[in-house]
Amino acid sequence: MPMSHRTYKQVIQRRLVGKEGGERVRELRSILDELPGYLNGPYADLRKWVNQQIDESRTRTRAVHRDSIQIRREGAAQVALVGPPNAGKSSLLQALSEVQIKIGNYAFTTLRPVPALTRIGGVLVQLVEIPGLIEGATEDRGGGRALLGVLRGADAIVYCHDAGAPLDGLLQVRAEVAAAGIDLPAILAATKADDAPPGALERLCDKVPDLKVLGVSVLDDESLEKLKEEVWKLTGLIRVYLRHDGQTETEPVPLDPGATVLDVAASIHKDVAASFRGARVWGPSARFPGQQVGRAHCVLDGDTVEVLT
Ligand SMILES: Nc1nc2c(ncn2[C@@H]2O[C@H](COP(=O)(O)OP(=O)(O)OP(=O)(O)O)[C@@H](O)[C@H]2O)c(=O)[nH]1
Ligand SMILES: [Mg+2]
């Protein structure tokens with residue numbers, strides 16, 4: 001005997017408990033497939049109700065995605081790649097990391113922020129492509145508010161602009177970022193430098209005097225290395241190499257500027273900091289190689305430190 005429509009509705013509701021977003025929509029769709037296909041009467045009403053539920057779940061899913069997008073922070077700093085559609089952001093992300101990402105010669109290839117880790121001088125830094133920031137983003141056009149939300153959480157910005165393209169795309173993006181009240185350390189990567197008309201880079205420097213401009217091409221490894229160094233400078237962090245038993249580690253420790261040798265010790269272990277007796281320093285902050293210093297000595301980018309315990 002077929003179920004009464006009332007019981008059926010209860011069964012449906014029970015099947016939906018705890019299901020949200022896409023999962024809820026999928027469940028509702030399969031319920032729809034199973035429903036008797038009467039055109040009138042209680043089962044037709046039930047069908048209408050299920051369809052309404054699908055619409056509501058969809059709107060809710062979209063609303064959740066639009067209000068906020070979470071990018072899990074990884075690495076020593078987070079640097080956003082920001083620029084008009086088709087500027088070459090994904091191509092840079094791919095060239096600088098291991099990530100496999102869709103690249104297309106059209107606008108809006110990337111629809112959501114994509115994070116990837118890049119290794120700069122032995123330190124991992126997270127790059128995040130922020131796609132599709134368009135005019136009106138601050139008013140949430142193109143889901144702009146959530147994208148700007150991700151950007152707000154970043155430590156610095158690499159603006160990306162096709163060196164051979166008209167400037168308005170970049171100016172619009174910068175206007176949206178400014179309108180959102182986001183003011184982060186930034187540089188401008190003039191992308192596709194291999195393809196740019198002569199003098200394009202110079203013209204860009206003139207028109208965007210407030211940003212350091214760097215010509216880059218994914219076909220030119222040297223330009224990518226230079227970009228990485230500039231990204232590192234943007235993070236404002238310093239790299240310190242640890243030395244023990246006469247050996248210097250190849251991978252440096254990232255530290256905030258102004259860090260002392262005691263902070264270096266603490267980055268190794270709190271016990272090391274506790275038994276700290278001083279340190280020896282080589283490099284930019286040392287008056288001479290191997291200078292012995294006290295706990296308050298500030299280290300600089302590129303220093304090598306041996307903690308004495
Ligand atoms: N010649 C040349 N072409 C490039 C370079 N970088 C990217 N491109 C091309 O530019 C187009 C757009 O590249 P994407 O990396 O998808 O650009 P995007 O900024 O991520 O674009 P959206 O995600 O759509 O906003 C592709 O056809 C790339 O092959 C480059 O250094 N040189
Ligand atoms: Mg892209």
Side-chain angles (χ1 to χ4, degrees), residues 65-66 69 71 78-118 125-138 140-151 154 156-177 180 182 184 186-205 208 211-231 234:
H65 282 226
R66 210 181 273 164
I69 302 173
I71 297 289
Q78 189 185 62
V79 178
L81 303 181
V82 178
N86 212 33
K89 303 179 291 297
S90 296
S91 305
L92 273 183
L93 195 71
Q94 179 146 322
L96 296 174
S97 72
E98 310 278 305
V99 77
Q100 290 297 317
I101 181 171
K102 194 163 160 194
I103 289 169
N105 192 14
Y106 47 85
F108 305 112
T109 315
T110 313
L111 297 172
R112 293 172 64 78
V114 183
L117 284 170
T118 188
V125 172
Q126 186 179 43
L127 302 174
V128 182
E129 172 179 5
I130 308 284
L133 274 187
I134 49 172
E135 199 173 3
T138 28
D140 207 25
R141 215 175 138 221
R145 215 170 279 151
L147 298 171
L148 288 165
V150 174
L151 185 58
I157 298 177
V158 174
Y159 284 102
C160 301
H161 174 68
D162 181 341
L167 199 64
D168 10 332
L170 176 69
L171 296 181
Q172 273 168 17
V173 169
R174 291 197 71 192
E176 292 302 327
V177 173
I182 298 170
L184 295 171
I187 55 167
L188 174 58
T191 57
K192 315 187 195 181
D194 57 281
D195 207 18
L201 212 62
E202 290 71 18
R203 283 196 295 281
L204 206 51
C205 290
V208 192
L211 292 182
K212 178 162 190 176
V213 182
L214 213 69
V216 295
S217 161
V218 294
L219 307 174
D220 175 5
D221 286 341
E222 201 182 314
S223 77
L224 295 174
E225 280 309 311
K226 284 197 182 126
L227 176 61
K228 278 199 194 184
E229 261 325 295
E230 290 301 327
V231 168
L234 276 182

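Both counts, for ligands and for their atoms, begin at 1 and track the order of listing.
Without hydrogens or angle criteria, S223 side chain to V216 main chain gives no donor-acceptor distance under 3.5 Å. In this structure, Q94 contributes its side chain and I101 its backbone to a donor-acceptor pair below 3.5 Å. With hydrogens and angles ignored, the 3.5 Å screen pairs no side-chain donor or acceptor of E230 with any backbone N or O of I187. With E176 contributing its side chain and T138 its backbone, the two residues share a donor-acceptor pair below 3.5 Å. Of the possible donor and acceptor atoms, one in the side chain of T191 sits under 3.5 Å from a partner among the backbone N and O of H161. For the pair T118 (side chain) and L96 (backbone), a donor-acceptor distance under 3.5 Å is present. At least one donor-acceptor pair under 3.5 Å links the side chain of D140 to the backbone N or O of R145.
Nearest N/O/S atom of E129 with respect to the Mg ion (ligand 2) is recorded as OE2.
Nearest heavy atoms, P84 versus G169: CG-C, 3.6 Å. Across I182 and L148, no two heavy atoms sit closer than the pair CD1-O, 3.5 Å.
Residue D194 approaches ligand 1 through these ligand atoms, each under 4.0 Å from one of its heavy atoms: 1 (N), 2 (C), 30 (C), 31 (O), 32 (N). Short contacts between ligand 1 and G88, defined as distances under 4.0 Å to a heavy atom of the residue, involve ligand atoms 7 (C), 13 (O), 14 (P), 15 (O), 17 (O), 18 (P), 19 (O). Shown in contact with S217 at under 4.0 Å from a heavy atom are these atoms of ligand 1, numbered in order with element: 31 (O). Within ligand 1, the atoms closer than 4.0 Å to a non-hydrogen atom of E129 are 20 (O), 23 (O), numbered from 1 in the order shown.
Considering backbone and side-chain N/O atoms, G104 comes within less than 3.5 Å of an N/O atom of ligand 1. Looking at ligand 1, you'll find an N or O of K192 within less than 3.5 Å of one of its N or O atoms.
In this structure the side chain of L81 reaches within 4.5 angstrom of the side chain of L93, judged on heavy atoms.
The single protein non-hydrogen atom nearest to atom 24 (O) of ligand 1 is T109 N, 2.6 Å, given as residue, atom name and distance. In this structure, atom 29 (O) of ligand 1 lies nearest to the protein heavy atom I103 CG2, 4.0 Å. Protein heavy atom at the shortest distance from atom 12 (C) of ligand 1 is N86 OD1, 2.9 Å. Counting only heavy atoms of the protein, atom 25 (O) of ligand 1 lies nearest to K89 NZ, 3.0 Å. The protein atom (non-hydrogen) at minimum distance from atom 31 (O) of ligand 1 is V218 N, 2.9 Å.
Within the 4.0 Å heavy-atom criterion, neither part of Q94 lies near ligand 1. In P131, neither the side chain nor the backbone holds a heavy atom less than 4.0 Å from any atom of ligand 1. Using a 4.0 Å cut-off between heavy atoms, L92 makes no contact with ligand 1 at all.
Note that CG of L170 and CG of L188 are 5.5 Å apart. Values are rounded to the nearest 0.5 Å.
Counting heavy atoms only, S91 comes closest to atom 7 (C) of ligand 1 of the residues S91, A193, S223, S90.
With a cut-off of 2.8 Å, the Mg ion (ligand 2) has no N, O or S atom of N86 in range.
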